[in-house]
Amino acid sequence: MRPSSTVNGTPQHIDLQSIPLPPQRGAGNAAAVDNVSARPPYAAWESRYRAWVIGSDVFTAFVLIMMSAFLIDRSDPHDMHALGTAAAFLFGLSVCRAWSPRVLGEGAEEYRTLGRGLVATAVLVALGGLLFGALAVQPWVFIVVPMISVFMFLQRYALRQVLHRRRRLGECLLPVLAAGSPDTVADLIARTKADPHVGWRVEAVCTYSGAGAERGSGEVEGVPVVGKLDELAGHVRRGGYRVVAVTADQHWNPKRLQRLAWDLEGTSAEMVVAPMLMEVAGPRLNVSGVLGMPLLRVSAPMFTGGRRLVKEVLDRCGSALLLTLVSPLLLAIAVAIKFDDRGPVIYRQRRVGRDGHTFTMLKFRTMVTNADKLKQDLQADNEGAGPLFKMRKDPRVTRVGTMLRRYSLDELPQLLNVVSGRMSLVGPRPPLPEETAKYAPDARRRLLVKPGLTGLWQVSGRSDLSWAESIRLDLRYVEDWSLALDLVILWKTFRAVVQGRGAY
């Protein structure tokens with residue numbers, strides 16, 4: 001079952017206002033929860049979104065293929081190359097399930113699946129050229145298919161952003177019934193409220209006793225408790241929920257879960273079971289049958305190997321290219337800092353890298369030259385989380401430094417650290433030695449990979465995050481790293497930096 005059978009985008013001109021939405025429910029209105037029978041199994045916006053994804057993908061591909069036929073072969077758009085590329089495109093994306101509802105809206109997984117489909121397209125075009133003697137396929141493999149890929153990734157992103165905006169307004173959300181212990185259900189509710197773009201709205205809860213988080217309470221975090229775990233299937237059939245989210249509870253056992261799965265057959269609901277390994281997800285989790293039992297296989301995180309080598313090459317080459325492109329900006333910033341207070345341009349600081357090895361991290365100086373000495377006098381005003389020292393209005397920050405910090409321009413010299421191999425473009429935040437001395441054992445797992453110029457912490461709130469949340473995000477990256485996730489983070493970093501969210 002897909003943990004979020006949601007979709008994270010839709011085209012700008014779709015009339016989402018006309019889409020029938022799940023009815024809003026007030027807290028404690030358990031009778032209303034059980035009497036919703038008119039809700040369709042699948043909301044209209046889901047089907048429309050998938051149709052727009054497929055239609056826009058096909059339209060973009062065929063337009064670019066026809067244009068390429070005229071430009072490359074100087075012939076009509078019905079020649080062998082054009083027809084073969086079109087067929088390979090349809091076959092490759094279909095076989096790789098790039099249009100499957102199970103991956104649409106699944107964050108990096110959607111882009112990962114789309115990428116596999118487009119790679120398969122390029123391979124099929126190349127093999128087709130060899131098989132049928134159409135040897136002049138190089139432009140189609142190395143120009144046309146990559147060009148289609150760029151446009152397709154951009155339009156998928158645009159589709160998801162429009163739906164994100166609707167979901168922040170409380171529209172186009174999937175109705176969820178959560179079942180488990182009050183504590184774990186409360187955590188799920190809090191997460192769905194914090195991240196509405198996922199597309200879940202918990203509208204009802206079932207617990208073992210039929211009670212809420214507090215003794216005698218009929219709700220959890222404002223969501224009504226409608227019954228006990230054994231009554232769950234009946235509430236699903238009467239309520240028309242799209243997702244049944246099973247969270248951890250000591251009363252769940254294999255027999256009860258199996259019976260629930262059988263009882264939900266024939267309903268519109270998808271059963272989603274949260275594993276005990278809450279922060280492990282993505283390609284590391286696989287379900288396979290062994291000895292007649294379904295087993296959840298958890299592969300080890302990849303800290304070495306071919307994919308890490310690819311990441312290393314992309315880090316160094318990408319940072320070298322970025323340094324070349326932004327060199328005029330670097331020069332302008334250096335001049336501005338020098339003219340501001342005549343102090344040094346670069347600030348050097350010892351940070352902890354992979355496996356606990358320290359290195360000198362480079363930044364543009366944004367504070368007065370004696371900032372480290374003044375830090376002790378400002379400890380009472382510390383607003384940072386955990387061992388971090390942060391102040392929203394730090395008096396040590398210079399006029400130029402305020403602007404540099406807002407848009408993270410002070411971190412550009414760290415590209416030199418990436419080129420030298422001490423840092424990565426994407427990774428956990430590089431900690432100070434005094435921070436790592438206070439790390440708990442789980443937090444030390446952040447040091448298994450190189451620190452990054454950006455990361456999940458950068459695109460999820462930056463300095464606005466709590467210490468526990470920043471650690472959770474860094475550990476999630478360490479556990480579930482992939483090249484697709486890196487690309488998503490780099491794209492989101494650009495948006496976060498432009499908007500200046502959480503920077504001070």
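In this text the structure is predicted, and so the values were computed from the model without any measurement. All values below come from the heavy atoms of this structure, side chains included, with hydrogens, waters and symmetry mates left out.
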side-chain contact (heavy atoms from CB on, under 4.5 Å) assessment of L415 paired with L425: CA-CA 8 Å; L415 290 170; L425 287 177; 4.0 Å; yes

Enter the distance from E221:CD to T192:OG1 here, rounded to the nearest 0.5 Å. 10.0 Å

L314 CG to L487 CG distance, which is reported to the nearest 0.5 Å: 8.0 Å

Less than 3.5 Å apart, any donor N or O on the side chain of W200 or D195 sitting next to an acceptor on the other? no

Between T207 and P182 the two heavy atoms that sit nearest each other are CG2-CG, 4.2 Å

Closest non-hydrogen atom pair, M152 against A61: CE-CB, 4.2 Å

For the backbone of G401 and the side chain of T398, can you confirm whether one donor and one acceptor N or O come within less than 3.5 Å of each other? yes

Does the pair E312 and R308 meet the rule for a salt bridge (charged side-chain N to carboxylate O under 4.0 Å, His left out), with working shown? CA-CA 6 Å; E312 185 79 16; R308 284 290 177 179; over 6 Å; no

So, do L416 and L323 sit near enough that their side-chain heavy atoms are less than 4.5 Å apart? yes

Side-chain contact test, heavy atoms from C-beta onward, threshold under 4.5 Å: evaluate it for V150 versus M147 and give yes or no. no

Let me know which of R422, R348, R350 forms a side chain to side chain donor-acceptor pair (under 3.5 Å) with T360. R350

Output for pair (R112 CZ, L483 CG), nearest 0.5 Å, gives 9.0 Å

After noting the C-alpha distance and the side-chain angles of E110 and R156, does the key distance pass the salt bridge (charged side-chain N to carboxylate O under 4.0 Å, His left out) rule? CA-CA 9 Å; E110 178 180 3; R156 286 284 186 103; 2.9 Å; yes

R399: which of T366, D341, D340 passes side chain to side chain donor-acceptor pair (under 3.5 Å): D340

Side-chain ion pair, R242 and E46, N-O less than 4.0 Å: yes

Would you please test R351 and T358 for side-chain contact (heavy atoms from CB on, under 4.5 Å) and show each step? CA-CA 5 Å; R351 294 291 181 112; T358 60; over 6 Å; no

Sort out for me which residue in I333, V326, L330, V400 forms a side chain to side chain contact (heavy atoms under 4.5 Å, CB included) with L409. I333

Can you name the closest pair of heavy atoms from V478 and P428 and give their distance? CG2-CG, 4.1 Å

Kindly say whether L485 contributes a backbone atom to a donor-acceptor pair with the side chain of S482 at under 3.5 angstrom? yes

Are R405 and Y407 in a cation-pi setup, meaning NZ or CZ lies under 6.0 angstrom from the ring centre and within 45 degrees of the ring axis? no

If I take atom OG1 from residue T247 and atom CG from residue D187, how far apart are they, to the nearest 0.5 angstrom? 9.0 Å

Mind checking whether R167 and L163 have side chains closer than 4.5 Å, heavy atoms only? yes

Is the count of non-hydrogen atoms from other residues, nucleotides or ligands lying under 6.0 Å from M403 atom CE greater than 12? no

With side chains defined as the heavy atoms from C-beta onward, is the minimum distance between L475 and R472 less than 4.5 Å? no

Stepwise salt bridge (charged side-chain N to carboxylate O under 4.0 Å, His left out) test for R201 and E171: CA-CA 10 Å; R201 177 170 56 212; E171 304 172 357; over 6 Å; no

Give the C-alpha distance, both sets of side-chain angles, the deciding distance and a yes or no for side chain to side chain donor-acceptor pair (under 3.5 Å) between T436 and R444. CA-CA 7 Å; T436 59; R444 295 198 67 84; 5.0 Å; no

Do the side chain of N417 and the main chain of L362 share a donor and acceptor less than 3.5 angstrom apart? yes

Check the pair Y347 / V345 against side-chain contact (heavy atoms from CB on, under 4.5 Å), numbers first and verdict last. CA-CA 7 Å; Y347 176 70; V345 171; over 6 Å; no

Do the side chains of W99 and D57 get nearer than 4.5 Å, heavy atoms only? yes

Please report the closest heavy-atom contact between C96 and T113, naming both atoms and the distance. O-CG2, 2.9 Å

Return yes if some donor-acceptor pair links the side-chain N/O of R446 with the main-chain N/O of D474 below 3.5 Å, else return no. no

Tell me, please, whether W45 has R50 positioned over its six-membered ring: NZ or CZ under 6.0 Å from the ring centre and within 45 degrees of its axis? no

How many angstroms lie between CD in Q414 and OG in S408, if you round to the nearest 0.5 Å? 9.5 Å

Checking T121 side chain against G117 main chain: does a donor-acceptor pair fall under 3.5 Å? yes

Taking every non-hydrogen atom, the tightest pair across K363 and P413: C-CG, 3.9 Å

Return the minimal non-hydrogen interatomic distance between P451 and V352, and the atom names on each side. CG-O, 4.1 Å

Main chain of V244, side chain of E270: is a donor-acceptor contact present, judged purely on distance under 3.5 Å? no

If only atom types and distance count, is the side chain of R354 paired as donor or acceptor with the main-chain N or O of K450 below 3.5 Å? no

Considering only heavy atoms from C-beta outward, does the side chain of I337 approach that of F364 to under 4.5 Å? yes

Checking the side chain of S181 only, and the main-chain atoms of A248 only, is there a donor and an acceptor separated by less than 3.5 Å? yes

Can a salt bridge be assigned to the pair D486 and K311 using a cut-off of 4.0 Å between side-chain N and carboxylate O? yes

Relative to the ring of F62, is the ring of F89 parallel (under 30°), tilted (30 to 60°) or perpendicular (over 60°)? perpendicular

Please tell me if the side chains of S424 and L453 come closer than 4.5 Å, counting only heavy atoms from C-beta onward. no

From the list W491, F494, F151, ring pair (Phe, Tyr, Trp, His ring centres under 6.0 Å) with Y157 holds only for W491

Beyond-backbone contact of P431 with L447, side-chain heavy atoms, under 4.5 angstrom: yes

Show your working on side-chain contact (heavy atoms from CB on, under 4.5 Å) between T454 and I489 and close with a plain yes or no. CA-CA 8 Å; T454 184; I489 291 174; 4.2 Å; yes

When rounded to the nearest 0.5 angstrom, what distance separates CD in E434 from CG in L432? 4.5 Å

Whether the side chain of S327 engages the backbone of T324 through a donor-acceptor N/O pair (distance < 3.5 Å, no angle test) should be reported. yes

